[in-house]
2 protein chains.
Amino acid sequence: MDPKTDTRSRILNIAEASVLKKGFEATSIEEIVAGADISRGGFFYHFKDKNALARAMLQRYIDAENALYDDLFARARELNDDPLHCMLIGLKLLAEMLTDMPEGHPGCVIAATAYQDRLFDEGVRDLNRQAILGWRTRFRGMFEEIAAVYEPKEPINMDALGDMVSSVVEGGLVLQRALREHNNASQQIMLLRTYLKLLFAQRQI
Amino acid sequence: MDPKTDTRSRILNIAEASVLKKGFEATSIEEIVAGADISRGGFFYHFKDKNALARAMLQRYIDAENALYDDLFARARELNDDPLHCMLIGLKLLAEMLTDMPEGHPGCVIAATAYQDRLFDEGVRDLNRQAILGWRTRFRGMFEEIAAVYEPKEPINMDALGDMVSSVVEGGLVLQRALREHNNASQQIMLLRTYLKLLFAQRQI
DNA sequence: TCCTTACTGTACCGCGAGTCCAGTTAGCAG
DNA sequence: CTGCTAACTGGACTCGCGGTACAGTAAGGA
């Protein structure tokens, strides 16, 4: 509440809005401090440099994304207890969520970070890495549950399949950003959904 | 031959090597001119600014990528005249090609460009856009040929399916770059290959 | 009263992009 | 041989941005 005590959060909010709109590099410290109504000195009091800001933002983003996945698949699970159908519903929900964002998804920070090596230090890149590995584990687990019930029609590398969710989202977001269209990511997720239907369905063990 | 007359190409070569290794932003004009053994003035004689350099490099990259696809699928066609099998062979060749690169693929310039809005002007972004739209058309055409012979087992948006090739490559490269692994892109392409097998095979019209 | 937290404000540095411009060198055209 | 142009060199300079340094201050608790 007290504007003095939550300056750090205010900085993060302002920075996040600007970074999602224009990219990290395009967001100058100057404009952050202007938006948060503090001095440059104040900024560096909270973050020793731009990398510290990046780390904090990335951590926030990853936490939000994880919470989103938790929520999405929890809701899917309520609707259907079967692991395959739960996954299919979850992906549908994810696709819908991406379509509903009028501006399109803010363009995953993961890719932005991956493609700006120099700008970020090892800590930032490591956060990034851990997040992706976390998603790999999450989805591989779900796919293994599915495979325990439905025999896959083709042999599949489960790690790669786990990665495919992130990969499809990231790839879709790259297209979306480059093409300035707004539903590529959601379309690609729907294609992945079809893939999983073909791969697992109709051969219950 | 004459070092004086092909300075422009020399600049592009030096710049490309450095950009693929460290990223566009991390490549300073200073180091390009040092590598090409010219002066800063000489650089700006050939390229009015860094954007002009980016445009030239991107165009080169896109041309090379298109030539690669032409070659790959031409070779695949020689091996098998059926459109589905041609596609499957082509994707296998592509995956192998990506694995064979010891350093991994140079990390597609498309994504790098998409995620650095401020750095590039409209011209660069438009080149990027046209390239992806070109690949959409290319692959949609191939998928339509396949669909004329093999009825897809699930209804499919052909534009999205065309995009899926680029999307899977881009997504895989993002993972690869973020994880510092080296075969994610090729694995994702192999998954796409399996997808197409499941979607089209065994239902010849 | 003293210490700490959370700043403000100002001055300053280095780096890289980009500009300007005067001068040089090589080659070709008349 | 003259003159013109392309392809530079070299140096000085501006600007924005990240980052440093540090002195001072206002507010709140022990």
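For the pair A:T113 and A:L127, the minimum side-chain heavy-atom distance is 4.5 Å or more. Side-chain atoms of A:Y115 and B:F24, non-hydrogen and from C-beta on, never get closer than 4.5 Å to each other.
At least one donor-acceptor pair under 3.5 Å links the side chain of A:Q188 to the backbone N or O of B:A160.
Note on ring orientation: taking the six-membered ring where Trp is involved, the planes of A:Y150 and A:H85 are perpendicular (angle over 60°, cut-offs 30° and 60°).
As rounded to whole Å, 17 Å separates atom P of C:dG18 from atom NE2 of B:H46. Atoms CD1 (A:I38) and P (C:dG9) sit 11 Å apart, rounded to a whole Å. Taking atom CG of residue B:D37 and atom C1' of nucleotide D:dG10, one finds them 14 Å apart after rounding to whole Å. What separates OH of A:Y45 from P of C:dT4 is a distance of 12 Å, to the nearest Å. Between B:D121 atom CG and C:dA17 atom P the separation is 16 Å, expressed in whole Å.
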Which protein N or O atoms sit under 3.5 Å from an N or O of nucleotides 15-19 of chain D?
{"from": "D:dG18", "atom 1": "OP1", "to": "A:K50", "atom 2": "NZ", "distance (Å)": "3.0"}
{"from": "D:dG18", "atom 1": "OP2", "to": "A:I29", "atom 2": "N", "distance (Å)": "3.1"}
{"from": "D:dG19", "atom 1": "OP2", "to": "A:K50", "atom 2": "N", "distance (Å)": "2.9"}
{"from": "D:dG19", "atom 1": "N7", "to": "A:R40", "atom 2": "NH2", "distance (Å)": "2.5"}
{"from": "D:dG19", "atom 1": "O6", "to": "A:R40", "atom 2": "NH2", "distance (Å)": "3.0"}

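Using a 4.0 Å cut-off, no side-chain N or O of A:T7 falls inside it from OP1 or OP2 of C:dA6.
In terms of heavy atoms, A:Q176 sits closest to A:A185 at OE1-N, 2.9 Å.
A:E122 has no carboxylate O lying under 4.0 Å from a charged side-chain N of A:R129, or vice versa, which leaves the two without a salt bridge.
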